[in-house]
There are 2 protein chains.
Amino acid sequence: MTPEAVVRDESRTERKKREKLTRIMRTARQLFERKGFDATTMREIAAKADIGHGTLFLYARSKEDLLVMMFRDEVGRAVDEAIATVPRRRALIDQLLHVLGALVSHHERNVALARVFVKELPFVDDTRHGVAAFMANLLTHMAELIAGAQAAGELATEPPPKLLASNVFAIFFSVLQRWLGHQRIDAAERDSLIRARIALQLECFRGKTARRASR
Amino acid sequence: MTPEAVVRDESRTERKKREKLTRIMRTARQLFERKGFDATTMREIAAKADIGHGTLFLYARSKEDLLVMMFRDEVGRAVDEAIATVPRRRALIDQLLHVLGALVSHHERNVALARVFVKELPFVDDTRHGVAAFMANLLTHMAELIAGAQAAGELATEPPPKLLASNVFAIFFSVLQRWLGHQRIDAAERDSLIRARIALQLECFRGKTARRASR
DNA sequence: GGTCAGAACTGACCGTTGTCAGTTTCAACC
DNA sequence: GGTTGAAACTGACAACGGTCAGTTCTGACC
């Protein structure tokens, strides 16, 4: 099924819905970025998107939901690009940080909005927007990088890649939460913490070559 | 300074404030537990605590804040007790799970409230209630358990205990978020995930005896 | 092209949280 | 015990998010 076919198959209703959603997302992005999350009202977004404000709640269950949908799109694209440009023949940790760094970079563009996103992320209802799919995609690719390092002998083969990827992401995410949360740490400390703590999880499983060299 | 001295030094204003806070917390706990978080209103809490509802906002910046204050107290006590009863001469992971398990047990009493708490925890303003102190306390004691295992030769001495404790907690917390968040996993899966993933972080640093035995 | 079921849409409405200008209470000092 | 400045308190108020009964649109079928 080509994209054209998809578009052609679309009924008028479906096309209008899609266009409306696009309009909503663009408007929301503009307002959230210009005025901030709290200062933007759902009524305002609806008015600027030229729909009744009740309609807006058919597309996003809540204001937070709207922001998560928006971020999921943007962050998803950023991560996809980062995955496509992972440097080959580099240490595993640098490859992982290449991907996770893309996430950080995106969040750095607007810390206040990122805070809301990161706060909601673990709690959104995944049946609506594809947050679960986004996470699954990210973890799968991280697991592939890990499996690659295992195949190359950089890492011991015992730990299941998926489980290790989950741990690495959990560690990363906790630093992200700390950065965006109450404890105001600066960018430098954030980055060095991310590296040090992920290294602590990977280090132990360093391949036999690496381990012998270090002892 | 004995507690009596503290009480004696207290002015009438200060005593009334303290009593009012106690009354607020007790009332909030009752209502939150009976009716749930959303169904309880700030006006209702204020009325039952016999204060103007504007006053309530002098004691808790928001409704979420109120819940966090309440949980911080309860969970703090639960953790302190767990720390005091850590089994000696057991594997490190069992000791850590003894403490973290106390947290889980408490949250199991009311999952809906725990969800709000866990969602807010990384983002509360730590200058008000002692959330930062609570976390510092927990991480310090976890680090002590780790240092103990290192001294006993159960664990390699390279990893800084504090850093390792942070990682263990991050991993634990991510499973907690997943349990309370969108992906509904059951208690059994939650517990086995917690154990497996923390083991993955600790395993690598198993002391020389243990490592030799396992190879 | 007429009919109809259901999907999409709307805005008046509700109850909420959180604010703030004005009021009361308090303790320290004369 | 009178004065006073500040801290604690209050509830009318504003503005918001979210709901839902009623309305409009749409496309499938005869």
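Just so it is clear, the values below take in all heavy atoms, side chains as well, and ignore hydrogens, waters and symmetry mates. Reminder, nothing fancy here: chain letters follow the sequence lines and each chain counts from 1.
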Atom-pair distance (CG on A:Asp50; C1' on C:dT10), nearest Å: 13 Å
Heavy atoms of other groups near A:Glu81 CD, more than 12 under 6.0 Å: no
Shortest side-chain distance from A:His53, nucleotide among C:dC9, C:dT19, C:dC13: C:dC13
For atom CG of A:Leu66 and atom P of D:dG17, their distance in whole Å: 11 Å
Residues A:Asp125 and A:Arg61 bridged, charged N to O under 4.0 Å: yes
Gap between atoms CG and P, on A:Leu56 and D:dC20 respectively (whole Å): 17 Å
Sugar-phosphate only, base, or nothing, as touched by A:Ile51 at under 4.0 Å among non-hydrogen atoms: sugar-phosphate
Other residues, nucleotides, ligands: >12 heavy atoms within 6.0 Å of B:Lys17 NZ: no
Nearest-0.5 Å distance, OG1 of residue A:Thr140 to CG of residue A:Leu145: 11.0 Å
Any side-chain donor near an acceptor of the partner, B:Asn137 and B:His141, under 3.5 Å: yes
Sorted by number, the residues of residues 28-46 of chain A with heavy-atom contact under 4.0 Å to DNA chain C: A:Arg43
Atom-to-atom span, CZ of A:Arg61 to P of D:dC20 - whole angstrom: 14 Å
Heavy-atom closest pair, residues A:Ile146 and A:Pro161: CD1-O, 3.8 Å
Value in whole Å for how far the C1' atom of D:dC25 lies from CG of A:Leu58: 14 Å
Salt bridge present between A:Glu19 and A:Arg15 (N-O < 4.0 angstrom): yes
Value in whole Å for how far the P atom of D:dA8 lies from CZ of B:Phe57: 18 Å
Under 4.0 angstrom between A:Tyr59 side-chain N/O and C:dA8 OP1 or OP2: no
d(NZ, A:Lys16; P, C:dA8) in whole Å: 12 Å
Whole angstrom value for the distance that separates C1' of C:dT17 from CG of B:Asp65: 13 Å
